Visitor: 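Pasting in a structure now, in structure tokens, and then I'll have a few things to ask.
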2 protein chains.
Amino acid sequence: MSVSDSVRVKTIAYEPFPQIEYQNRVDRARQLMRQFAFDALLVTSEHNLRYFVGEISTTPHQTTRPRFLLIPSSGDVVGIIPMGMDEFYKETTWIKNCFTWPSPNPKDEGVSTLIKAFVDLLPERAKIGTELGAESRLGMPAGDFLRVTEAIKPRVFIDASDAIFTPLRMIKSPAEIGRIRTVCGIVSEAFDNLPARLRVGMTEREACRIFELECFSRGAEKTPKIQGVSGRGGYTRPYGVPSDKVLSGGDLLFLDAGCLFDFYWSDFDRHFAFGTPDPHTQDAYQIVWEATEAGIAAVQPGIPICEIWTAMSNVLNSPRNRGKPTTIGRMGHSMGLWMPELPSVQPDDKTILKPGMIINVEPSTTYPSYFDSSPKLMVHEEVVVVTEAGAQLLTSRAPRTIPVIT
Amino acid sequence: MSVSDSVRVKTIAYEPFPQIEYQNRVDRARQLMRQFAFDALLVTSEHNLRYFVGEISTTPHQTTRPRFLLIPSSGDVVGIIPMGMDEFYKETTWIKNCFTWPSPNPKDEGVSTLIKAFVDLLPERAKIGTELGAESRLGMPAGDFLRVTEAIKPRVFIDASDAIFTPLRMIKSPAEIGRIRTVCGIVSEAFDNLPARLRVGMTEREACRIFELECFSRGAEKTPKIQGVSGRGGYTRPYGVPSDKVLSGGDLLFLDAGCLFDFYWSDFDRHFAFGTPDPHTQDAYQIVWEATEAGIAAVQPGIPICEIWTAMSNVLNSPRNRGKPTTIGRMGHSMGLWMPELPSVQPDDKTILKPGMIINVEPSTTYPSYFDSSPKLMVHEEVVVVTEAGAQLLTSRAPRTIPVIT
């Protein structure tokens, strides 16, 4: 199977963030460290490292060669990294002070060096914040973490995800919002131009690849999450793999796109009908489109995020919805250097919206099928940034009615 | 900046692995569990889950909604997964028995459910193997892992990376080798056809994107690691970001490609000279090409992997090398559903080669620059599978002399 196409491979040039961007992030982290009486932060995950170091590399971090950053409450920030990488750090980042070890060394992959750094640089009763809390992942083997924990006593590790990493990264700088605006713009263009590229008779897999090519050739740097599912009169779940099923009369194709620009994510979806969509699908699209509208309108600095949920929920629970709200568990989230990021748009999340927050507004409903007995799913998603004046849309907004492919 | 091109978006259709593939993996895991007296395995990382479950989804796992698999020494294998996903598992995988919880729930993201599963299903003195050892990463917050560890006592977690996960996954099945052969073939084609697409005057970034498009359009499903660096008379390190520097007379471009097909990795590199390469670069290319040849020839079942190192090292330490071997720390590794995987081609790694192992043969040298005082780096890489008869090449083999772009 193959489709011929003529593409312009667009390459968007940009400057890396200035050093002040990273200094500001460390300054803000240190304010929170003082507030919660942390003596230091240990940073281990790829996205948190990227947030503070701004490492200039497109190569994904290897599990073989872990990297760490130690941010004491004052003084030099210290890279704890494989030998050889220290020169790279010193030449291309603002980190000038490094502890190193010869790597790979699976028997002691930075463990002794971490211990030495903690013992040399931190007081004996130090409280070291690290990534232990909600939705975090440590960037080292858990066995190594336990060995370090034992060896540095009476110094202790305490979770800093909830107190520091999450609240810090939740508020994006103008530079970060610029990156997210760029990637959401690229994917919006790709979606908006897609109807001209699709046609009845393509397979799900072909349609997904054509769309992925659209995103890439318009300037997306990476296209890690391109998800496509379809079904006659609707789809039943928002994940799976695109198949070799031919798209034709009555099929609804759902495309969900997570793309990257300079490591910042986009994440939103669109729908395409192959032939005229049935009335139930049209109605479900309409009600979820309106719920999205209500969600976006609800965004205001100072309100708890759960009010976005309530606004959307009110639309979805109205008698105009033939179906009923889903049990997906949330109707949105945030994103940035990671996707998804906290907070979630959930009824019990009381996080207060502030300017600079990114919200993926993502309502969903189930609805009765026009063709069979299994209920279908309809999920919409748009990305906004919270401003003093309310939501500012970073995506092009889904059309009011489903684009029809012939 | 943009380049127009006409591409055929090739989509390679394939069948998912049959269920017997996963049953065999579990059977082999259970043999090792008996040998090391484990009562159960807890699987948490995305690539280990994929190895046992064969989940049908292109969506990367969210940190929001962790998934777990419990493999007891006998009886049903149990999925411990977010509510709703159990239907997906039952319909599309061989896992029929699931424990679930309503997710997202950052305050209790599967913790109580894991504890319940361990207490209900495992004896009080159970030894539970999990991912704690070399190069592993737990697919859950470390704080949650510590909570589970406390709550299930006297049951204990023990590392199973070194005893089970690594040796099990090291030997690929014929089906797995087929996937790796496919993706290495796609990327080989892309590299072999690249000289016709490149020209003097392109930027590094453009050349990388043209190459990435070649990989994608020829059938690669994902292109997560496309790394390009260049320099007059050579490059100084194998990572960084492609810049807007124009490629011209005397520049050597190094492209390193990690692509995916059905979640299996390729990883190897090629070089391109923009204008006639200088003599030092040609000599370094030649000696590392020969070292690769020696490394491939050394591959035989029954020998320790360090002998591949020795064979390459002998070439690189010969007086014909104007430069000297690097301090990168290894000259190769394995790969599969993850990249890199253990073992490493290192002087102290005694792992015995067996049929079905994938080896990335990756020698490197530094060499004196023809133009300035800083030494340059030359890294070659090819992928082989170990067979009864020695190495079988999965890549097209780098040309004997550097392709010249005009």
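The figures here come from the full heavy-atom set of this structure, side chains too, leaving out hydrogens, waters and symmetry mates. Worth saying up front: this structure is predicted, and the values here are computed from it rather than measured.
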Visitor: Given a strict heavy-atom distance threshold of 4.5 Å, which part of A/Thr223 is in contact with chain B: side chain, backbone, both, or neither?
Guide: both

Visitor: Output the option from B/Pro104, B/Ser103, B/Gly84 having the highest count of non-hydrogen pairs under 4.5 Å with chain A.
Guide: B/Pro104

Visitor: Sort A/Arg237 into side chain, backbone, both or neither according to what part of it lies under 4.5 angstrom from a heavy atom of chain B.
Guide: side chain

Visitor: Give a yes or no on whether the backbone of B/Thr63 and the side-chain of A/Arg137 come within a donor-acceptor separation of less than 3.5 Å.
Guide: yes

Visitor: For A/Met85, is it the side chain, the backbone, both or neither that has a heavy atom under 4.5 Å from a heavy atom of chain B?
Guide: both

Visitor: By a 4.5 Å heavy-atom criterion (distance strictly below it), what part of B/Phe157 contacts chain A: side chain, backbone, both, or neither?
Guide: neither

Visitor: Please report the interatomic distance CD(B/Glu135) to CZ(A/Arg65), rounded to the nearest 0.5 Å.
Guide: 9.0 Å

Visitor: Run the ring-ring contact (aromatic ring centres under 6.0 Å, His included) check on A/Phe216 and B/Phe216 step by step: do they pass?
Guide: CA-CA 10 Å; A/Phe216 180 78; B/Phe216 180 79; 7.4 Å; no

Visitor: Crowded around B/Trp309 CH2? As in, over 12 foreign heavy atoms under 6.0 Å?
Guide: yes

Visitor: Step by step, work out the side-chain hydrogen bond (donor to acceptor under 3.5 Å, both in side chains) result for A/Arg209 and B/Thr11.
Guide: CA-CA 8 Å; A/Arg209 284 177 66 76; B/Thr11 303; 3.3 Å; yes

Visitor: So what's closer than 4.5 Å to chain B heavy atoms on A/Leu146: side chain, backbone, both or neither?
Guide: side chain

Visitor: Return the option, out of B/Gly258, B/Ser344, B/Gly219, with the maximum number of heavy-atom pairs under 4.5 Å with chain A.
Guide: B/Gly219

Visitor: Does any heavy atom of chain B fall under 4.5 Å from the side chain of A/Pro102, the backbone, both, or neither of them?
Guide: neither

Visitor: Return the option, out of B/Asp159, B/Leu342, B/Asp144, B/Ile328, with the maximum number of heavy-atom pairs under 4.5 Å with chain A.
Guide: B/Ile328

Visitor: Under a 4.5 Å heavy-atom cut-off, does chain B meet the side chain of A/Glu91, its backbone, both or neither?
Guide: side chain

Visitor: Under 4.5 Å heavy-atom distance to chain B, tell me which part of A/Thr327 shows up: side chain, backbone, both or neither.
Guide: neither

Visitor: Considering only heavy atoms and a distance below 4.5 Å, find which of B/Ser243, B/Ala220, B/Cys208, B/Pro238 pairs most often with chain A.
Guide: B/Ala220

Visitor: Check each atom of A/Gln62 against the heavy atoms of chain B and say whether the ones under 4.5 Å are side chain, backbone, both or neither.
Guide: both

Visitor: Could you check which of B/His333, B/Glu341, B/Glu109, B/Glu212 has the highest count of heavy-atom pairs closer than 4.5 Å to chain A?
Guide: B/Glu212

Visitor: Non-hydrogen atoms of chain B under 4.5 Å away: do they reach the side chain of A/Gln346, the backbone, both or neither?
Guide: side chain

